Chemist: 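Below is the structure I would like to discuss, written out as structure tokens.
Just so we're on the same page: letters track the sequence lines, and every chain starts at 1. Model, not experiment: these values are computed from the prediction.
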2 protein chains.
Amino acid sequence: MEKDNTYFGVKEIARRANVSIATVDRVIHNRTGVSEKTKRKINEIIKELDYQPNILASRLASRKIISLAVLLPKVSPETDFWEAPLKGIDRAQQEIKKYGVQVSTFLFDLNDHKSFSEQTKLILEGTFHGVLLAPSFVDESREFAKACNKLKIPFTFIDSDIPDQENLAYIGPHLFQSGYVGAKLLTYRLKEKHKVLVVNISKETDTYNYLQIEEGFRSYFKDNSLPGEIIRVDIKDTDNLSVTRDLKRILHTNEDIEAIFVTNSRVSAVASFLEKNKRGDISLIGYDFLKENVRYLNEGLIDFLICHKPEEQGYRGLMALYQTLVLGSAVEKVHFMPIDIITRENQAFYQN
Amino acid sequence: MEKDNTYFGVKEIARRANVSIATVDRVIHNRTGVSEKTKRKINEIIKELDYQPNILASRLASRKIISLAVLLPKVSPETDFWEAPLKGIDRAQQEIKKYGVQVSTFLFDLNDHKSFSEQTKLILEGTFHGVLLAPSFVDESREFAKACNKLKIPFTFIDSDIPDQENLAYIGPHLFQSGYVGAKLLTYRLKEKHKVLVVNISKETDTYNYLQIEEGFRSYFKDNSLPGEIIRVDIKDTDNLSVTRDLKRILHTNEDIEAIFVTNSRVSAVASFLEKNKRGDISLIGYDFLKENVRYLNEGLIDFLICHKPEEQGYRGLMALYQTLVLGSAVEKVHFMPIDIITRENQAFYQN
DNA sequence: TATATTTGCGGGTACGTACCCGAACTCATT
DNA sequence: AATGAGTTCGGGTACGTACCCGCAAATATA
């Protein structure tokens, strides 16, 4: 049971071109020192043989390491959402470190634009071959993208996208459609006329995401010409006390609210409120497979969670860089994550 | 930016043990020709250094190929469900062929027990290092499992499990829970009292799967003490004509059926019937992300599809064999797939 | 005791690629 | 014609592991 020898490597190319392996190697890595003529000839043979470099041998022989930077929000005390991408990144790292890939992680504070800029500065000062980031702050991210492009450092977005930044890839949700799915689930069993509440709990930071989700949410109502009313509330102070206060006020003035849609992972704060105020009758939908959220899902206070595989986003994001930088193969420019629907019944087998 | 040299390989082990690399190699592959004393010493050093072999170098140096067998049902004219696992297997194959892994595919007819046995015989006659199979026929699979165990050939089940066969892994759905989810979705917007129909369309072959799903389905009703009636029907002739005939009969005698649950991918046959008979009012849930099914989902005739990532089952199944045979690392004995819920709204981004 | 066999081990080459170290060759300038 | 700089290229070694070949010592057989 021997390996088949139908394989063509640099040796064969060299033989056919009547040059040495070293010359072929120069052409492959388009280094200098090869005449145009020889280069053309070798490139022809490469194409003819459909030469695929042996990554094993390549990485084995290379003494270089490839270092990647990761820029993500810190895990905040209020939500551990960002643990998941980190976990995925770690998994990818474990998988590819044997090929000489090194990963450095940089964290910024979602409540502090400056911390983001500081970290990007650090990254630009280091010598990284690629960057994976969550572009939570649009302006700052644009600036960073420009700098990376100038330095020819490829970078990948996860979690949310900023169009036209010449990024290598975007791996994350289609936010509009995600809101659309939320609306479908929320209204699936509602009566004809209904009153729903959209809650956005965040310190104004990632309003970018939020807007797209709400747009999708409202579009579902429009597309299906559903009557009824959509109320929205922004809760800027993300501590439980503020959430409670604001919700109490809203529900007081709108007693007939049947369902609540929370636009991010902070849905557990709303669930907690509903539980304390004995309003389990209200349907509740929100985002992300966090422990707290799953607990309320199992208690029946949350009806559905929507999730975009944050762990896989991290994993795929890093692997996209690996693919271009190490394997030299192309990656999809945009890869939308599935819009996963999680209920009490299927949560046990969910893969984040 | 050089690779760090904190790495310890066979060379270092050999140096510390005052033996040659070849001797270390013998111990690592527990080949003969090493005295007990030397072996013990080397093993100690290996443990001490936590030696991790370099797979790159290992596979590069090895002239051996590893050949795997895959045994799956043929794609039938009535459902192309089995295309998906094959696709996943192909993807895995592409990924690992560079490490000297070869895959041979064997197909059997889901309507013919004998064809299964024939193919297993062929596999046993070949010299394969591992097998991936869908154990659609329980008795025949048990027998095959026994033979594999005797030959010490590891094998992995996908799609459905048979307990206690000393298989390397099972990668597939938790069927009971999947039926449970189906019931949840089916009843989510139904009135208090309801009448639902469970339809099983199959030629008696994979009743094993079916029974577990139905058990889960019924359990949901019991656990939530839902009143109402569950009717079931078996349709043994899987052509559209027979399906139409049987459904017509049932719906005639049970005019007040509100929802139908189809236990496998043949749900499109039911959707087609409902469409022709203008019974779009009936909720319909079934299995699998097939083109036909998605079409009816988009037309609104199917409310939900449940799906267990068949492509990923194939992919992971093959990778499990790769992991044990090539990397020599352990794999989970049982890996349940998520129970994915697909609607018209999120289908566009589903990853099969 | 002489000879054959087994056991234990080291030397060395190969896997396919990367890359260093020069060698040879071209061409312009003295 | 000699010198030098630049260009183009080949030889050779290394990456970490697998495994063949063959040698010496230990043991068995005569």
Chemist: Ignoring backbone atoms, test whether B:Thr23 places a side-chain nitrogen or oxygen under 4.0 Å from the OP1 or OP2 oxygen of C:dG10.
Modeler: yes

Chemist: Give the rounded distance in Å between these two atoms: CD1 of A:Ile65 and P of C:dA18.
Modeler: 17 Å

Chemist: Separation of A:Ile46 atom CD1 from C:dT17 atom P, in whole Å?
Modeler: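 Rounding to the nearest Å, CD1 of A:Ile46 and P of C:dT17 are 11 Å apart.
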
Chemist: Please tell me if B:Lys11 has a side-chain N or O lying less than 4.0 Å from either OP1 or OP2 of D:dC15.
Modeler: yes

Chemist: Does a side-chain N or O from A:Ser58 land closer than 4.0 Å to OP1 or OP2 of C:dT17, or not?
Modeler: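 No.
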
Chemist: Between B:Tyr170 and B:Phe336, what is the ring plane arrangement, given parallel below 30°, perpendicular above 60°, and tilted in between?
Modeler: perpendicular

Chemist: Answer yes or no: does a side-chain N or O of B:Ser35 lie under 4.0 Å from OP1 or OP2 of C:dT7?
Modeler: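 It does not, given that no N or O in the side chain of B:Ser35 lies less than 4.0 Å from OP1 or OP2 of C:dT7.
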
Chemist: Within less than 4.0 Å of OP1 or OP2 of D:dC19, is there a side-chain N or O belonging to B:His29?
Modeler: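 No, because none of the side-chain N or O atoms of B:His29 sits under 4.0 Å from OP1 or OP2 of D:dC19.
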
Chemist: Take B:Asn18 and B:Ala57, find for each the nucleotide of DNA chain C with the closest heavy atom, and name the residue whose nucleotide sits nearer the 5' end.
Modeler: B:Asn18

Chemist: Is B:Glu44 paired with B:Lys47 through a side-chain N to carboxylate O contact shorter than 4.0 Å?
Modeler: no

Chemist: Between the protein and nucleotides 25-28 of chain C, list every N/O to N/O distance that falls short of 3.5 Å.
Modeler:
none

Chemist: Using whole Å, what does the distance between atom P of nucleotide C:dC15 and atom CD1 of A:Ile21 come to?
Modeler: 11 Å

Chemist: Tell me whether the OP1 or OP2 atom of D:dC19 has a side-chain N or O from B:Lys64 closer than 4.0 Å.
Modeler: yes

Chemist: Separation of A:Leu60 atom CG from C:dG16 atom P, in whole Å?
Modeler: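 It is 12 Å, rounded to the nearest whole Å.
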
Chemist: Any base atoms under 4.0 Å from B:Gly33, or only sugar-phosphate, or nothing? Heavy atoms, all strands.
Modeler: base

Chemist: How many Å lie between CD on B:Glu12 and P on D:dC15, as a whole number?
Modeler: 13 Å

Chemist: Which listed nucleotide (C:dA18, D:dA18, C:dG16) is nearest to the side chain of B:Asp25?
Modeler: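 Selected nucleotide: D:dA18.
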
Chemist: At less than 4.0 Å, is any side-chain N or O atom of B:Arg31 found next to OP1 or OP2 of D:dC19? Yes or no.
Modeler: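 True: B:Arg31 side-chain N/O within range (under 4.0 Å) of D:dC19 OP1/OP2.
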
Chemist: Regarding A:Thr32, tell me which of base, sugar-phosphate or nothing describes its non-hydrogen contacts under 4.0 Å with the strands shown.
Modeler: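 Contact class for A:Thr32: none.
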
Chemist: Within this structure, what is the CZ-to-P distance between B:Arg59 and C:dG16, rounded to whole angstrom?
Modeler: 13 Å

Chemist: Can you see if the side chain of A:Tyr51 gets near the phosphate of C:dT17 - specifically, an N or O under 4.0 Å from OP1 or OP2?
Modeler: yes

Chemist: Does this structure show an ion pair linking A:Glu118 with A:Lys121, if we count only N-O contacts that are shorter than 4.0 Å?
Modeler: no

Chemist: If the plane angle is over 60° it's perpendicular, under 30° parallel, otherwise tilted; pick one for B:Phe108 and B:Phe137.
Modeler: tilted

Chemist: Is there a donor on the side chain of B:Arg26 or the base of C:dG10 sitting less than 3.5 Å from an acceptor on the other?
Modeler: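 When only heavy-atom distances are counted, B:Arg26 does reach the base of C:dG10 through a donor-acceptor pair under 3.5 Å.
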
Chemist: Using a distance-only test with no angle check, is there a side-chain donor-acceptor pair under 3.5 angstrom linking B:Glu312 and B:His335?
Modeler: no

Chemist: Please determine if a side-chain N or O atom of B:Ser62 lies less than 4.0 Å away from the OP1 or OP2 oxygen of C:dC15.
Modeler: no

Chemist: When the distance from CD of A:Glu36 to C1' of D:dC9 is rounded to whole Å, what number comes out?
Modeler: 15 Å

